[in-house]
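What's counted below: heavy atoms across the whole structure, side chains too, no hydrogens, waters or symmetry copies. Note on naming: letters A, B, ... go to the chains in the order of the sequence lines (proteins, then strands), and numbering restarts at 1 for each one.
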Protein chains: 2
Amino acid sequence: MKHDAQGKDVKLKILNAAKKLFAKKGFEGTTVRQICDEAGVALALVSYHFGGKENVFYALFETFAPSFLQKEYDLADPIDDLKSLIREFALFRLAEPELINLLQQEVMMQSPRLEKVQNIVYALWLQLRAILEAGKRQGQFDYESLRHTVHFVVGTLIFTRNSPFLDPVLQLKEDLSVKEDQEDVIRYTISYILSGLKCSAQ
Amino acid sequence: MKHDAQGKDVKLKILNAAKKLFAKKGFEGTTVRQICDEAGVALALVSYHFGGKENVFYALFETFAPSFLQKEYDLADPIDDLKSLIREFALFRLAEPELINLLQQEVMMQSPRLEKVQNIVYALWLQLRAILEAGKRQGQFDYESLRHTVHFVVGTLIFTRNSPFLDPVLQLKEDLSVKEDQEDVIRYTISYILSGLKCSAQ
DNA sequence: GTCTATATCGGGATAGAC
DNA sequence: GTCTATCCCGATATAGAC
């Protein structure tokens, strides 16, 4: 029975290797050979199990972001809705930073692959839009342009702090091995965004 | 003399084509053939004039972002400094959205090319960090974590609104051909960020 | 300086042994 | 199901004519 389960194991090893490499070097910048080396399996297995590099990409999201963003917001309390949305996104980002990174890359270059995947996150952003509109209508948020405000909030949320590219700027003296408290990150994010929306009642 | 100047013309045509395509499809996702087709010149001219695709990338930044971010901030008035910095970045982003888009892609995937180019924008972010620290010291900004705050502000700034990827979310009814007033965009951005920093005296 | 034709390399996918 | 060896295509870069 160890033999029977081996297929699943290999598929997962490939997915994890691909997740890591795609996030780091991009979809096009990653070769199937690199993926298989990283996973410690033979070159042919990507085609055998997934039917090509492209399908590994899709499988990544199906596997690691299956139940992402089911939540519905009734807009009765936009402030609370927004807090929930920020939390939901932040938790996913903390859990799957590579996936967010990859998604962000694809979004920036409007890749053809995005189409089959964008609904994962578009649903969330539609909710964000609705929350912002409701909050303004009810006088809890204050902003001039819906369009720019959506961009600001999405920018704040999506710009993953896990990317080390700002490290040279920040010259972190803190010990990074100490895992940061998720709740702190969420609290900072909520505070920045709600203040940015001139929301007094936080 | 038309002949003598033609070299410059071709180089510029290649650079503009590359800027457009790199921003849209990424460095690796763009082929030299596509660049030359878009520019309307022969395939060989990229190698002839630039010595390869990679050097076209570097020439892009040398050509279109030469005097970016010369400004020095003395930190005497952090609020004013931050406003200036936001304006400076926003103007560049409005002038060269493709370049920001490309830079953002490279940053996300930590491309090896980034090294020769990152100083262009790292200088700005170091200034941002200094301004944020000074502003907190002087009691004008209020935040808990410098690290996250830098990320928030950079995220807000860099997430270019020119990328059409949020259009389906925003279902823009506004006529996009009407050029938006730069000053409005800058004003919105300053307002969001300064509020996010709990800066009362805007 | 610019073009066409081609050499060379590398990547994805597959054939076939085990 | 997994491996090695190979095919085939497409991409960069170059050679050489004009």
Could you check how far [atom1] of [X] sits from [atom2] of [N], rounded to whole Å?
| X | N | atom1 | atom2 | answer |
| --- | --- | --- | --- | --- |
| B:F50 | D:dT12 | CZ | P | 15 Å |
| A:K13 | D:dT2 | NZ | P | 8 Å |
| A:H49 | D:dT2 | NE2 | C1' | 8 Å |
| B:K25 | D:dA11 | NZ | C1' | 14 Å |
| A:K8 | D:dT2 | NZ | C1' | 17 Å |

Residues passing the salt bridge (charged side-chain N to carboxylate O under 4.0 Å, His left out) test with A:D184, sequence neighbours excluded, are A:R187
Using 4.0 Å as the upper bound for N to carboxylate O, is an ion pair formed by B:K20 and B:E98?
no
Quick check, are the ring centers of B:F159 and A:F159 under 6.0 angstrom apart? no
(message) Can you confirm if the aromatic rings of B:Y143 and A:Y192 lie within a centre distance of less than 6.0 Å?
(response)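 A:Y192 vs B:Y143: aromatic centres not under 6.0 Å.
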What are the two closest non-hydrogen atoms of B:V56 and B:A18, and how far apart are they?
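Shortest heavy-atom contact: CG1-CB, 3.6 Å.
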Is B:K198 close enough and on-axis enough to B:F141, meaning under 6.0 Å and within 45°, for cation-pi? no
Letter by letter from the 5' end, nucleotides 4-16 of chain C scores (B base, S sugar-phosphate only, - none; protein heavy atoms under 4.0 Å) B------BBBBB-
